[in-house]
Amino acid sequence: MNLKNATIYDIAKYAKTSTATVSRVLSNSDYPVSDELKQRVLDAAKKLNYTPNLVGRQLKTKETSDIAVIIPNISNPFYPSIVLGVEDVAREKGYNVLLCDSYRNPQLENAYLQSMVEKQVKGIIISSISQNNKTFMQLVEKDLNIVAFDQDVTFPCNKITFDFEDGGFLAVEHLIMLGHKKIALIGAPINRPSRKSIYDGYLKALKKYNIKFNKEYVLLNELEKEFHNEIYEYKNGIELAKRFLQLDDRPTAIFAINDLTAIGVIQGLKSHGVRVPEDISVVGFDNIFISEMVQPALTTVDQPQYEMGKLAANL
Ligand code: RIB
């Protein structure tokens, strides 16, 4: 027999016992039930294809086993790699993962935060776009477990940090060691802690090797808008590559603020007959999995995304 939506009443009837006993067996309670009766209940549940009603259980116990991950946009492979790390740990420990894309929109991020609180998630792992401490402080006061990654935050919570400044420094130092003195920086607006630090690393490397800073070589888009059907950073790379090619005194190397931008830059240069690395060197940041699939494979700074996701989930 296979009931479409078998309930504990059906199981009790089938196993010839009470619903209280069925409930005790199915919830693994400590209440003593004989082995024979326990087996009868389990057999009945199997026979009737019983699926536990988690929503009902949650309403009773006021407990969920969900954790939320809020990221700017799943179209940048940097974030899914982090989510995989979160998911692998969560699954192992019996948690479900709810994924939210803020599309780099502070209002949407805020709406997701509120909705996750209403869903009574056990914790929130977030790359925050808003820096809105008021909302976060309210969550912290509610004892919600928050783990921030990617963007530094100032409210008290656990954090997965990365030395973006040193990463930027190493990328530019690498280009300098290859003999480059005219190095462009290409990216989205420097409006987030991670990007600010990468930019500082760029400046630091130039300074260390006595290379004069040229503001013409810093090509940033003023607009940043994510759509579901457009990969903003990739498109931005293509667009800024065109601007780069119009420079009178063109640099010999480009440091892109992240890999998606770098891949867009390479694409933009290629479409104008400029070869990478023969004519221009390009270095990215992140080491997303696509960086080894493109031609030529991209030189980049590794952020251990999967491991960072695992760490965040463990916290
Ligand atoms: O591509 C994503 C990475 O680049 C993240 O570290 C983010 O902060 C960015 O600037």
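A continuous path of hydrophobic side-chain contacts links Ile186 to Phe213 [ILVMFWY only; heavy atoms under 4.5 Å]. Note on Ile129 and Phe149: separate hydrophobic clusters, where clusters join Ile, Leu, Val, Met, Phe, Trp and Tyr whose side-chain heavy atoms are under 4.5 Å apart, directly or indirectly.
Checking Asn76, Asn73, Asn221 one by one against Tyr232, the side chain to side chain contact (heavy atoms under 4.5 Å, CB included) holds for a single residue, Asn221. If you run side chain to side chain contact (heavy atoms under 4.5 Å, CB included) between Ile198 and each of Ile190, Asn258, Ile257, only Ile257 comes through. Each of Asp259, Asp150, Leu260 was scored for a side chain to side chain contact (heavy atoms under 4.5 Å, CB included) with Phe78, with one residue passing: Asp150.
With a 6.0 Å radius and a threshold of 12 heavy atoms from other residues, nucleotides or ligands, Phe244 has its CZ atom above the threshold.
Scored by the side-chain hydrogen bond (donor to acceptor under 3.5 Å, both in side chains) test, Arg275 finds Asp279 as partners (sequence neighbours excluded). With sequence neighbours excluded, the residues that form a side-chain hydrogen bond (donor to acceptor under 3.5 Å, both in side chains) with Asp249 are Lys182, Tyr217. Residues passing the ring pair (Phe, Tyr, Trp, His ring centres under 6.0 Å) test with Tyr79, sequence neighbours excluded: none.
Taking NZ of Lys207 as the start and CZ of Phe169 as the end, the distance is 12.0 Å to the nearest 0.5 Å. How far CG of Asn145 is from CD1 of Ile125: 8.5 Å, rounded to the nearest 0.5 Å.
Defined by atom type and a distance below 3.5 Å, a donor-acceptor pair is missing between the side-chain atoms of Thr300 and Asn287.
Residues Arg250 and Ile280 are in side-chain contact: their nearest non-hydrogen atoms beyond the backbone lie under 4.5 Å apart. The closest side-chain heavy-atom distance from Pro77 to Ile290 is below 4.5 Å.
Sorted by first and then second residue, the pairs that involve residues 102-138 and meet ring-ring contact (aromatic ring centres under 6.0 Å, His included), not counting sequence neighbours, are Phe136-Phe155. Applying the salt bridge (charged side-chain N to carboxylate O under 4.0 Å, His left out) test to every pair with at least one member in residues 90-110, sequence neighbours left out, gives these pairs: Asp88-Arg91, Arg104-Glu224, Arg104-Glu226, Arg104-Glu233.
Other residues sharing a hydrophobic cluster with Val89 under the 4.5 Å side-chain heavy-atom criterion for ILVMFWY residues do not exist; the residue is a singleton.
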